[in-house]
Amino acid sequence: MATKEKALVIVESPAKSKTIKKILGDGYQIEASYGHIRNLPTKDPSTDNLGFDVNDNFKMKFEIIPGKQQVVRKLNDLAKKAGKVYLASDPDREGEAIAWHVRQVLKVPDDKVCRIVFNEITPKAVKHSVENPRSIDMDMVKAQQTRQILDKLVGYKLSPVLWKEMGNRKLSAGRVQSVALRMICEREDEIEAFKPQEYWSIHALLDKDGKTFESEVSKIKGKSIEKTIKNQQQAQDIVDYLTDSTTIYNVSKVTKKTTKRKPTAPFITSTMQRAASSKLGFGVSKTMQVAQKLYEGIELENGAPVGLITYMRTDSVRVSYDAQNAAHDYILQNYGEKYYPEKANVYAKGKQNVQDAHEAIRPAYIERTPQSIKKYLDNDQYKLYKLIWEKFMSSQMAPAQIANKSIEIEAGDYTLKAGTSKVVFDGFLTLYNEEETEENKDAGEKIPDLEKGDKVVCKKVEPKQHFTQPPPRFNEASLVKALEEYGIGRPSTYATIITVIQTRKYVEKKNKVLYPTLLGRAVSKQLVSEFSDIMDYKFTAGMEEKLDEIADKKVDYLKVLKDFYAPFMNEVNNVMKTAQRVTVSTNVKCPNCGRPMVLRTSKKGTQFLGCSGYPDCKTALSLDILQDLQDEQNGDGENKPKEVCEEKCEKCGSDMIFKIGPYGKYMECTNPECRHRKPYRRSTGVTCPKCGKGTIVERKSKRGTIFFGCDKYPDCDFVLWNEPTGEKCPECGSLLVTKKLKNGDVVCCSNPKCKYKKEPQQQTEK
């Protein structure tokens, strides 16, 4: 009897293989393509080899990605032996394109190959997809290829303009990334142009029968005073009136109202990224990497891999009936009837340009609570899974009920307002609250029971000075929100956009906030001034909508490409004809001659600050010290106080101050007869164990590597590659150091022959 041929299932990632293998059993062989196997040729933009022919309906020419030839051979060998081939790449445009590329390289009959998709890697979803295969959706493939062509056109045609104008062949432009950069740069412009406005608020401590409560002046003669008290004198006039012994305080209005706060929709990609940022401190890329692992499968009991969440690249808030029913049963069983709404919560799309291909992000198995599988997850996986699980379950629960009490008190022409909120039924808040802090459940007791006509006594009035604040800089999460609101990018592109603009050194992240670099601002300024259409928010969002329409069979992809290409190339050619070298000036003065410093590029493509007086003045500074220079030169004018060092001058004993020079931060003696200088090196405060006289400081090698050595060098040559803690090894007496590893910091002995390692302190989870 002939042995039945196995079916071949081709997935993108090997991480999925074990999970799907467990579900489908021995009759199926699972193999990975490891992402894309073909792509347009990667060539220098100056060769004009884009990989598609604009004169032949944008016909594309693909090539096997270097290093993927062996993968292609293996897939072909397996496909020839298989009875059936299932293409099971991700359920989005990119996944559909990967499936199409795999089909193109497989040398097997068409009737042997089919496409399957599933939104979650569960037995029901996977088996249903195998039982209901389909053909490859060529409209989705064309939408992906159109995006690919547009992105390459913009990148390969605009980048040479930047090279010519800024003299740096490492610069590049992108259709979506450059628009994101524009957002960050324009926000920085707003912050710099912002002029704070002074305003005051008036707060009063009132008393009723021994119970005090806080209130604030909200109206004058019935009109709101928000931010209208402009100076201290105006504030003091109000304080004088309110503290006058003849002023009477009457309760004029008491409003009590119980409101319902409904839960919000389960996560989509952007809201998951924002919540993970605000609640967990995760960056966008990290969030997607952790979510990918949860989707592809985690080994649980018996070492069997299980996909824990649905597909994490989605902008749909739709939830399947099966998931709704599972949530219904779980909530009734674990929380009771009052925690389930009268009707199941159903959420609308919220915006028009939504690819409603998948569900919202939710747990694949409701019964797998975060706590029940915590031991199988690493810390990051547990935190994100818990966030997703709680968000989804809360979205299916009953509204919370909030008791609000608002009181208005009249004192002559002034109206003071006090109010509280109290959670009387927590509902979905028992699991998830959008805000960082929940309402104080005892807040209602802070205001005594008052009725209209009651009199209260003023105990104290305090004016508070405020200043209006500029708009905040973007962090990764708020940038994703802005991109989503403008309709720019899609769930699969947010993380890439943010990564690219940082990799290109156009943006840097400091304290989790995104700052445009000098280079980034210069690039954005040039692109906006010369390619206003391409850099326009509405234009970019409109192009995203056209890609959606291609996938939905509403518009022809060739029409989209042709409508874009002709005017775009006309604009590029016109700019190239007149493009001239641009000088990027800074507000930093040369420390040697006082002329402005400008952005320059070395022969190797490295950016640095050079004096505008070159070649007369050849001062060059690293961009790393630009912010320090700006802080020093553009602080509060010439009279900005100098930062005094803790260290005294070793020559004369006088104070030393910090300064910025061509090689970075240094220390200078304040004694005009001495003026001794020495490089600034961050001290660890640890005494050198070799000479006993010096202190171990942070130093940098010629290659830029950070190490630690004695500040008495060259008299003492003691060095360490890791920062000392100040403690000594209990086994050999050498210094203990902190090693920074991927899984966290480890304290160990600096003596390579000693294997002592200090166990990290166990932290109790709150």
Side-chain angles (χ1 to χ4, degrees), residues 508 510-511 591 608 620-629 631-632 641-763:
E508 58 184 356
K510 295 186 289 188
N511 298 322
F608 66 95
L621 304 175
S622 168
L623 279 175
D624 295 336
I625 65 170
L626 176 61
Q627 190 61 53
D628 288 333
L629 282 166
D631 290 344
E632 182 178 84
K642 300 294 184 182
E643 185 180 359
V644 179
C645 316
E646 292 183 9
E647 189 176 337
K648 299 292 184 181
C649 177
E650 58 195 34
K651 300 271 187 181
C652 69
S654 301
D655 286 340
M656 299 190 79
I657 57 174
F658 289 117
K659 284 195 167 186
I660 306 296
Y663 303 102
K665 203 170 188 178
Y666 68 92
M667 298 182 289
E668 182 179 84
C669 179
T670 55
N671 183 349
E673 297 180 1
C674 177
R675 293 298 187 191
H676 173 63
R677 294 180 177 183
K678 62 183 295 186
Y680 166 68
R681 297 187 175 100
R682 183 176 67 84
S683 174
T684 64
V686 179
T687 301
C688 175
K690 186 172 183 178
C691 68
K693 299 178 181 179
T695 301
I696 298 176
V697 296
E698 183 181 288
R699 295 170 63 186
K700 186 180 289 188
S701 70
K702 292 181 180 179
R703 295 185 177 182
T705 305
I706 298 295
F707 68 98
F708 298 86
C710 181
D711 66 353
K712 297 300 181 184
Y713 178 84
D715 296 333
C716 178
D717 60 358
F718 179 78
V719 295
L720 294 169
W721 288 108
N722 299 288
E723 184 168 358
T725 65
E727 300 175 278
K728 291 186 177 181
C729 175
E731 296 184 6
C732 73
S734 300
L735 285 175
L736 294 181
V737 296
T738 302
K739 280 189 176 181
K740 294 187 178 296
L741 305 175
K742 288 183 178 179
N743 298 326
D745 295 351
V746 174
V747 176
C748 57
C749 183
S750 60
N751 182 355
K753 296 181 180 179
C754 179
K755 302 301 181 184
Y756 175 78
K757 186 181 292 184
K758 189 175 181 181
E759 292 297 325
Q761 294 182 349
Q762 297 295 321
Q763 293 184 352

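Position 1 is the first residue of the sequence; numbering continues from there. Excluded from the calculations below are hydrogen atoms, water molecules and symmetry mates; all remaining heavy atoms, backbone and side chain alike, are included.
Put simply, the residue from Thr725, Leu735, Leu720, Thr695 that forms a side-chain contact (heavy atoms from CB on, under 4.5 Å) with Val686 is Leu735.
Taking CG of Asn671 as the start and CE of Met656 as the end, the distance is 11.0 Å to the nearest 0.5 Å. The NZ atom of Lys755 sits 10.0 Å away from atom SG of Cys749, with the distance rounded to the nearest 0.5 Å. Taken from CG in Asn751 to CG in Leu736, the straight-line distance is 11.0 Å, to the nearest 0.5 Å. Going from atom OG of Ser750 over to atom CZ of Phe718 covers 6.0 Å, rounded to the nearest 0.5 Å.
Residue Thr687 comes nearest to Gly692 through the heavy atom pair CG2-O, 3.7 Å, listed as atom of the first residue, atom of the second, then distance. Taking both residues in full, the closest heavy atoms of Cys652 and Cys649 are given as N-SG, 3.5 Å, listed atom of the first, atom of the second, then distance. Taking all atoms of both residues into account, the shortest heavy-atom contact from His676 to Glu650 is NE2-OE2, 3.5 Å. Shortest non-hydrogen contact noted between Lys712 and Gly694 is CG-CA, 3.5 Å. Closest heavy-atom contact between Cys748 and Lys739: SG-CD, 3.6 Å. The minimum heavy-atom distance between Ile696 and Thr684, with the atom names listed, is O-OG1, 2.7 Å.
Cys754 places none of its side-chain heavy atoms less than 4.5 Å from the side chain of Ser734. When side chains are defined from C-beta on, Tyr756 does not count as touching Cys732, because their heavy atoms never get closer than 4.5 Å.
Using a 4.0 Å cut-off between a side-chain N of Lys or Arg and a carboxylate O of Asp or Glu, Asp717 and Lys690 qualify as a salt bridge.
By the 6.0 Å contact criterion, OH on Tyr713 is open, its count of non-hydrogen atoms from other residues, nucleotides or ligands being 12 or less.
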Might you work through the side-chain contact (heavy atoms from CB on, under 4.5 Å) test for Cys688 and Cys716, ending with a clear yes or no? CA-CA 9 Å; Cys688 175; Cys716 178; 3.6 Å; yes
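The main-chain N or O of Asp655 is found under 3.5 Å from a side-chain atom of Thr670 such that the two form a donor-acceptor pair.
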